[in-house]
Protein chains: 2
Amino acid sequence: MDYQKQLQNYFAEADENCLPGLSIDCVIFGFSNNQLKVLLLRWKYTEEWGLPGGFIYKTESVDVAAQRILKERTGINKLFLQQFHTFGDDVRYNREEISRKLHWPDPATRRWPNRTVSIGYFALVDFSKVTPTADFLTDECRWWDVENLPSLLFDHNHVIEVALKTLRVQLSWQPVGYNLLPEKFTMPELQRLYETILNRPLDPRNFSKKMRALGIIERLEEQRRGGAYKSPYLFRFDKEKYKKALKEGNLAFS
Amino acid sequence: MDYQKQLQNYFAEADENCLPGLSIDCVIFGFSNNQLKVLLLRWKYTEEWGLPGGFIYKTESVDVAAQRILKERTGINKLFLQQFHTFGDDVRYNREEISRKLHWPDPATRRWPNRTVSIGYFALVDFSKVTPTADFLTDECRWWDVENLPSLLFDHNHVIEVALKTLRVQLSWQPVGYNLLPEKFTMPELQRLYETILNRPLDPRNFSKKMRALGIIERLEEQRRGGAYKSPYLFRFDKEKYKKALKEGNLAFS
DNA sequence: ACTGAATATGTACGGCATACATAAAGCTTA
DNA sequence: TAAGCTTTATGTATGCCGTACATATTCAGT
């Protein structure tokens, strides 16, 4: 079955079984190499990148749809996933332009309305546990530095902006950051993560003090060997204490 | 024209000109008599209360629709209005039950889908400037104490809960409260507002100190006379300084 | 063994949040 | 008109938290 046919089937199925005029966009953040990253998809036979997204089945809750879409389109399963904004401008993109860029079927073959309202979710994932995989709609799935994104389809650059803002605010309230790191990490790595998200340098002495004062991470005896220079200690989140602290609401970070 | 006819027209018009399966709900907060209030509507010929809401025209942005709906259904114009969450559970209410309760036309006469995703907005308004007015769909429009709401239509009790939570968080970041007060107010009134929203008592000495330290209110020479006991000074927000402080981001309140 | 680059850590200062109690105002009423 | 009642207005002391800041240590590489 050729791509055009597949596309037509995909849309036909969506027209039939999904909520009309509504979609979901997922902004998936990862962290690696001292850089905050976003997972993007490149549509088949094009050079056009965009966020993973999809439609909501008529009998499916929006939250569940977001998880499903994430899974279907990137292989990522069940994780920190949070609705952050609904994008409802009357002209979020030019339908003709998109169809052309993506070699989509003639608009006439679709019942899809000329306008789509999109619900934005963002996810935080452990970079090292994700194997980006392209699906049948896409040629490529890979991480991009947040600081260096290409011009994206639809209003996806804007969507990412808003997600980033939300992430920054949330970081001040709870160490969401822990979803972005592997199980064991060093203090400098944690600091680098915070610096990247908050987009400003932090003092290592104060950072360490504060993080350890929160009482939700524990230092292991283990050190990370092999890198050049002094070996840093490894840390681990104490999930019990983290949850407890969350309930008591004393996890603000500024 | 009788009510049934009007209802049918209303829905026919919505089916024709609005986005299908999407709606807006507005939670309008006001403050009076040391109580946080929400504006609710009572549907015609029923005892059923709910939030003001409506649909989005096909060529209208969601934000604009929210403003329009607010205006149409409560007479309130242009104010602090902010999207806070999109409610997308697959079963947010029982369609049959609602139709019966509200004496809506036979579902068969409507193309409207059995499910609606709703975008929630909340507004903060100066209680003294609002004259609640019922529209053609409703018999009554009035303020209810947040602490003492009836059981509402749809999932509106839940929507209000979420709006309240959002309001509390926002209050810690910026004195949104000022939208809820008349132009001139006393320090105790301001404190009562904060206490109500945050749902805990505050120390008057510390509160006053902090509020004045923010540098965004000014004390007038004027005092509020006529009440029994000592006359309190009046204050006013300094909008210039407020905006400036907002930009610099130093308005946190904890 | 020396070098270079990163890691680890303590102290002093200032500001902000908190706790806490009393005097003054102004209407009421006796 | 004086006493009483209730609300308003306000200052100080304490401790914690955020911030600024510099040096010794580690360890791979040469």
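Because the structure is a prediction, the values reported are computed rather than measured. Protein chains get the first letters and strands the later ones, always in sequence-line order, with residue 1 at the start of each.
Put simply, A:K210 has no side-chain N or O that comes within less than 4.0 Å of OP1 or OP2 on D:dC17.
Distance B:D203 CG to C:dA17 P: 13 Å, rounded to the nearest Å. The distance between atom CZ of B:F207 and atom P of C:dC16, rounded to the nearest whole Å, is 17 Å. The interatomic distance linking B:R225 (CZ) with C:dC27 (P) rounds to 7 Å, in whole Å. Rounded to whole angstrom, the span from the CG atom of A:L202 across to the C1' atom of D:dG18 amounts to 12 Å. Nucleotide D:dT19 holds its P atom 11 Å from the CG atom of A:L198, rounded to whole Å. Distance B:M211 CE to C:dC16 C1': 15 Å, rounded to the nearest Å. Between the CZ atom of B:R224 and the P atom of D:dA9 there is a distance of 11 Å, given to the nearest Å.
Between the side chains of B:Q170 and B:Q174, no donor-acceptor pair of N or O atoms lies under 3.5 Å.
Taking B:D155 as the reference, B:R92 meet the salt bridge (Lys or Arg N to Asp or Glu O under 4.0 Å) condition, with sequence neighbours excluded.
For C:dT18, its base sits under 3.5 Å from the side chain of B:K209 at one donor and acceptor pair at least.
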Every protein N/O lying under 3.5 Å from an N/O of nucleotides 6-9 of chain C:
residue, atom, partner, partner atom, Å
C:dT7, O2, A:K230, NZ, 3.3
C:dA8, OP1, A:Y233, N, 2.7
C:dA8, O4', A:K230, NZ, 3.4
C:dT9, OP1, A:R219, NH1, 3.1
C:dT9, OP2, A:R212, NH1, 3.3

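A:R142 has its side chain out of reach of A:R42: every pair of non-hydrogen atoms, C-beta onward, lies at least 4.5 Å apart.
Distance check, rounded to the nearest 0.5 Å: CG of A:L41 to NE2 of A:H156 gives 10.0 Å.
Aromatic ring centres of A:W49 and A:W43 lie farther apart than the 6.0 Å criterion allows.
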Show which side-chain atoms of residues 64-72 of chain B pair as donor or acceptor with protein atoms under 3.5 Å away, not counting sequence neighbours.
residue, atom, partner, partner atom, Å
B:R68, NE, B:E60, OE2, 2.6
B:R68, NH1, B:E72, OE1, 3.3
B:R68, NH1, B:E72, OE2, 3.2
B:R68, NH2, B:F55, O, 2.7
B:R68, NH2, B:E60, OE1, 3.0

